[in-house]
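Written out below as structure tokens is the structure these notes cover.
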Amino acid sequence: QKEVEQNSGPLSVPEGAIASLNCTYSDRGSQSFFWYRQYSGKSPELIMFIYSNGDKEDGRFTAQLNKASQYVSLLIRDSQPSDSATYLCAVNLHNAGNMLTFGGGTRLMVKP
Amino acid sequence: NAGVTQTPKFRILKIGQSMTLQCTQDMNHNYMYWYRQDPGMGLKLIYYSVGAGITDKGEVPNGYNVSRSTTEDFPLRLELAAPSQTSVYFCASSYPLAGGGDTQYFGPGTRLTVL
């Protein structure tokens, strides 16, 4: 089992819809969770981080964390074509210091 | 404040050649990292550093070396390049987040092809 898993996609949603991206992790002791967005040919950029169970909202983005079930999600409301990118989930695994372990990413396509 | 800069942006190497990928950050971050990203894949950690003079191996260190003589610079050395090292290389530095934990700022990447 991979330490951080994501469906590679592509996930296709129509413009204006809610895009739901999911990530599962294997280490129950993991403390912090990150979502990065990566446009084609560009470097990853941080869009959300979450530490506590529940939801965290920032504009059109909501991160959801469920430590008991070991998954973290990213919801994008009112999806725009400019949201089309690959979304990388990253987890700070227990006893890993500051190291992040990345999932393989989910490619999101928002169609006008 | 330039953030994390990397040079070169692109490079083609022949098998067996060597090169150094440069990485510089001007944010005074202690932690720095080198990742590689193969097409359609996530990021794999090659080496990291927790401060000047201190480096350690990540998940995929074979074929690479690093040094950290200053806080700002973290070069990655490829010795005897092989086609398996064809990839995009990202350098990152990390800063502490309010509430705990660190997150990482990435440079623009170096696209390397070994033929």
Side-chain angles (χ1 to χ4, degrees), chain A residues 2-11 21 23-25 29-54 56 58 63 65 72 85-109, chain B residues 2-7 9-10 21 23 25 27 29-51 54-61 74 87-112:
Chain A
K2 291 183 183 177
E3 291 176 306
V4 180
E5 293 207 63
Q6 297 180 254
N7 188 318
S8 61
L11 172 66
L21 303 155
C23 171
T24 58
Y25 59 95
S30 300
Q31 296 294 318
S32 47
F33 307 85
F34 303 84
W35 283 100
Y36 285 82
R37 177 176 61 200
Q38 186 176 26
Y39 292 114
S40 180
K42 301 296 185 182
S43 58
E45 56 177 328
L46 178 72
I47 51 173
M48 291 285 289
F49 62 90
I50 186 167
Y51 303 125
S52 305
N53 276 328
K56 179 181 179 183
D58 184 0
L65 176 60
V72 55
T86 295
Y87 289 80
L88 300 169
C89 172
V91 178
N92 179 220
L93 300 177
H94 185 56
N95 290 332
N98 286 13
M99 270 12 87
L100 294 181
T101 300
F102 286 82
T106 298
R107 189 157 73 96
L108 173 66
M109 297 171 58
Chain B
V4 181
T5 58
Q6 291 183 239
T7 57
K9 285 188 171 56
F10 304 94
L21 282 67
C23 175
Q25 54 96 4
M27 298 172 283
H29 292 163
N30 286 325
Y31 284 72
M32 296 187 73
Y33 310 83
W34 274 106
Y35 293 92
R36 60 177 286 172
Q37 186 176 38
D38 298 329
M41 305 293 286
L43 296 159
K44 292 192 184 297
L45 183 65
I46 305 171
Y47 270 95
Y48 66 98
S49 169
V50 301
I54 306 169
T55 63
D56 208 346
K57 297 177 181 179
E59 183 183 357
V60 289
F74 190 39
S87 191
V88 180
Y89 291 84
F90 290 104
C91 179
S93 68
S94 70
Y95 66 93
L97 289 169
D102 279 29
T103 193
Q104 296 180 16
Y105 260 134
F106 285 83
T110 294
R111 189 176 297 272
L112 176 67

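Convention: sequence-line order gives letters A, B, ...; per-chain numbering from 1. These figures come from a predicted structure and were not determined experimentally.
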Heavy-atom pair count under 4.5 Å with chain B, highest-scoring of A/G103, A/G104, A/P44, A/G105: A/P44

Structural part of B/Q37 lying under 4.5 Å from a heavy atom of chain A: side chain

Would one find more than 12 heavy atoms of other residues, nucleotides or ligands at under 6.0 Å from atom CZ of A/R37? yes

Are A/F34 and B/T103 close enough that some pair of their side-chain heavy atoms sits under 4.5 Å apart? yes

My understanding is that only residues two or more places apart in sequence, or in another chain, count here; which of them pass ring pair (Phe, Tyr, Trp, His ring centres under 6.0 Å) with A/F102? A/Y36, B/Y35

Which bit of A/L100 is near chain B, if near means a heavy-atom gap under 4.5 Å: side chain, backbone, both or neither? both

Counting only heavy atoms not in A/K56 (residues, nucleotides, ligands), do more than 12 fall under 6.0 Å from its NZ? yes

Using only atom types and a distance under 3.5 Å, with no angle test, would you say the side chain of A/S43 pairs donor to acceptor with the backbone of B/G109? no

Is any side-chain heavy atom of A/M99 closer than 4.5 Å to one of B/L45? yes

Near B/M41 CE, under 6.0 Å, is it more than 12 heavy atoms from other residues, nucleotides or ligands? no

Could you please spell out the steps behind the side-chain contact (heavy atoms from CB on, under 4.5 Å) verdict for B/F106 and A/E45? CA-CA 7 Å; B/F106 285 83; A/E45 56 177 328; over 6 Å; no

Heavy-atom cut-off 4.5 Å, strictly under: side chain, backbone, both or neither for A/Q38 against chain B? side chain

Applying ring pair (Phe, Tyr, Trp, His ring centres under 6.0 Å), name anything that partners B/Y31, two or more places apart in sequence or on another chain. none

Drop me the distance from A/N92's CG to B/S94's OG, to the nearest 0.5 angstrom. 10.0 Å

